[in-house]
Undergrad: 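Please see the structure below; I have some questions.
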Amino acid sequence: MSKKQDEVVETTEAQIAVHWKEEDYYYPSTKFIAQANLTDEGIFDRFSLDNFPDYYTEFAELLTWYKYWDEVLDSSDAPCYKWFKGGKLNASYNCIDRHLKDNKNKTAIHFVPELEEENVQHITYQELYVRVNEFAALLRDTAKLKRGDRVTIHMPMSAELPITMLACARLGVIHSVVFGGFSASASADRIVDSQSRVLIVTDAYYRAGKLLNHKFNADEAVQIAEEQGQTVDTVLVWQRYPGKYSSDTPMVEGRDIFVNEKLKDYYGARVEPEQMLSEDPLFLMYTSGTTGKPKGCQHGTGGYLAYVTAMSKYIQDIHPEDVYWCMADIGWITGHSFIVYGPLALCASSVIFEGVPTYPDAGRSWRIAQELDVNIFHTAPTAIRALRKLGPDEPAKYNYHFKHMTTVGEPIEPAVWKWYESAVGKGEAIIVDTYWQTETGGFLCSTVPGLNPMKPGSAGPGVPGIHPIIYDDEGHEVEKPGIAGNICIQNPWPGMFQTIWGDRDRFVDTYFGMYNTKPDSKDWKDWPYLTGDAATMSEDGYYRVLGRIDDVINVSGHRLGTKEIESASLVVEEVAEAAVVPVNHEIKGKEPDLYIALKPGIDATDELAAKISEAVCEQIGKIARPRKVWLVPDMPKTRSGKIMRRVLGAISNKGDVGNVMTLANPEVVEEIKNMVEK
Ligand code: PRX
């Protein structure tokens, strides 16, 4: 599929991406290599396309199965694949039960409350086992949940969040976790789409020193879902302080249940894990796409778990004795794969931090690292930039030592990478820049830390088993190094999502429509996976990801659909048209700028701009708050009436707007420029 010539090319992140020069290599230390999980160079040959898909059995063998698979890959319904078909396993069993024999007394989760005066909770594998079992019994008997049901979880960072997820997994209930910072309306959309009749929340949580009332979101979400035809009959409420209700929102009789109280009825309960088929869904994770409606990425059990376990072992280099801290939120895919499922499947100790890394000061993260003796650290460029800005010399003040650090979620500028390496890593830690997506379950590109040298600003080659390829818009391979194109993956892999919940057509169109020429083919070779990112490959086979080719903005490493923000602003009655463009931001990477044309006769006031901004936060969450709402006299438009986001993007980023004389209303460009540059 090629873009039609007369179609307007809109601003993509790639177009305004930073293009930094190729950097020199950094090599892993012999100390790191000596202990690394993966130092066998033969892995790249073993995982060559000639050996596909059988090489992935190496990943599946990291798990404990009730029954081995009959077939590694079933592609009879391509591009909806079944991995390790016929195999049976349970994710909760793999993350907990199987570790009890040797490690029941080992810490599974260190929960670090935001308030420094509160004690860190160290939850052993045995305690995790007990709590997951008791809660699973509650889910089964009180909430009446059974295998295959969906449940929406709107919870902040807490130990109870993985306990909830693992209890669902134990029963074969498909969990759908909504990021805690998302609004009631976002939670409602996900409740409706996944047809959840049970919602699980927390009453309150700390964020930057404030105890936030979270329970009110539940009431609103249930009401909005009801209006859209989905009834929630049970709301389970965890308490931030067990035995005490920290919200002033009333509990609803007959619907709301305090988990902590109810759990007393389940003291000592044990629930036999369901023997799930490998291809049974484990969870849904909603993510922004090119249209307004978020898509529920459906991840399977066996393939997903095998993949994230292998990535945690070989790329994150997690050993059972490591203390591993991933600073992402469990409400995003990074937290699912690399706080919960991967590290726990490997019997590591995983840190869960309730708060903000820079609160109350820029030393907070390093105090946590020192106290818990964290040796593997995982975060995103946006946090690294913030920590660097607020406290460039802070890490040196604390006595911690990382052997391994990850960066994920956005391109990282070489200067920021180098600060991460020297200041945070103290020159002792290797870094992996992991490129992947909600859809992919685990990594696509990264260096293998014990085998490949690092290169600041480049993610690295495809991880073992992943075979990337760059295509131009016409479907020809871009072989020349340094030339940007659309990065695709030639082969399927076990961590890949199975479909979009309830919308197979959208799944096929969005991710495969561009380059599949044989829609009836059952051969995986005919279905290259379109990531939606632009990238270049350099001579050494390392990939550098430039940004999205679609209407998705990456704010602080989180995906927001421009259409999602636009449609949120359109609920404000006075708004006629809306256009969102990404603006470069020193810390967050990108921020949305919102351009609004008002209905005729409506005056542009600051109050109205504030109201529109609030409307966006209310419907999506504060994370989507526009940098600025520009109330413009008119949108720059093509003669066919299409809004020229490219022009708006150039104005917001103080770039060159190019030739605008072919527009229907070129004069408006100057007016908007004056307004924004003022
Ligand atoms: O544009 C890429 C960017 O983040 C997108 C995926 O976002 P999400 O599904 O929210 O998952 C984030 C955590 C994996 C990608 O399409 N991205 C992710 N990792 C990198 C990246 N861009 C550059 N470098 C990375 N390491």
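Both ligands and their constituent atoms are indexed starting at 1 by order of listing. For this chain, numbers begin at 1 and follow the sequence in order.
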Undergrad: Does ligand 1 have a heavy atom under 4.0 Å from the side chain of Thr438, from its backbone, from both, or from neither?
TA: both
Undergrad: Counting non-hydrogen protein atoms only, what is the nearest one to atom 12 (C) of ligand 1? Give residue, atom name and distance.
TA: Gly557 O, 4.2 Å
Undergrad: What protein heavy atom sits nearest atom 17 (N) of ligand 1, and how far off is it?
TA: Gly409 O, 3.1 Å
Undergrad: Which atom names give the shortest non-hydrogen contact between Glu22 and Ser538, and what distance separates them?
TA: OE2-CB, 3.4 Å
Undergrad: Using the salt bridge (charged side-chain N to carboxylate O under 4.0 Å, His left out) definition, which of the options Glu564, Glu439, Glu410 pairs with Arg559?
TA: Glu439
Undergrad: Of Met285, Glu410, Glu439, which has the heavy atom at the shortest distance from atom 24 (N) of ligand 1?
TA: Glu410
Undergrad: Report the C-alpha distance between Asp189 and Tyr286 in whole Å, list the side-chain angles of each, state the deciding distance to 0.1 Å, and finish with yes or no for side chain to side chain donor-acceptor pair (under 3.5 Å).
TA: CA-CA 10 Å; Asp189 288 347; Tyr286 284 82; over 6 Å; no
Undergrad: Kindly confirm or rule out an N or O of His558 lying under 3.5 angstrom from an N or O of ligand 1.
TA: no
Undergrad: Below a 4.0 angstrom heavy-atom separation, can you tell me which part of Pro411, side chain or backbone, both or neither, approaches ligand 1?
TA: both
Undergrad: Is it the case that Tyr435 and Asp533 place a side-chain donor and acceptor less than 3.5 Å from each other?
TA: yes
Undergrad: Do the side chain of Thr531 and the main chain of Ile487 share a donor and acceptor less than 3.5 angstrom apart?
TA: yes
Undergrad: In a check of salt bridge (charged side-chain N to carboxylate O under 4.0 Å, His left out) between Glu586 and each of Arg388, Arg385, Lys389, Arg627, which one passes?
TA: Lys389
Undergrad: Tell me, which protein residue and heavy-atom name are nearest atom 7 (O) of ligand 1, and how many Å apart are they?
TA: Arg559 CD, 2.9 Å
Undergrad: If you measure from each non-hydrogen atom of Thr434 to ligand 1, which part falls under 4.0 Å: side chain, backbone, both or neither?
TA: backbone
Undergrad: By number and element, which atoms of ligand 1 are closer than 4.0 Å to a non-hydrogen atom of Asp533?
TA: 1 (O), 2 (C), 15 (C), 16 (O)
Undergrad: Specify whether Tyr529 and Phe512 have parallel, tilted or perpendicular ring planes, treating 30° as the upper limit for parallel and 60° as the lower limit for perpendicular.
TA: perpendicular
Undergrad: Using a strict 4.0 Å cut-off to heavy atoms of Asn554, name the atoms of ligand 1 that fall inside it.
TA: 3 (C), 4 (O)
Undergrad: For the residue pair Thr152 and Ser196, confirm or rule out a side-chain donor-acceptor distance under 3.5 Å.
TA: yes
Undergrad: Give me the nearest non-hydrogen protein atom to atom 13 (C) of ligand 1 as residue plus atom name, then the distance to 0.1 Å.
TA: Thr334 OG1, 3.4 Å
Undergrad: Which bit of Arg548 is near ligand 1, meaning a heavy atom under 4.0 Å away: side chain, backbone, both or neither?
TA: side chain
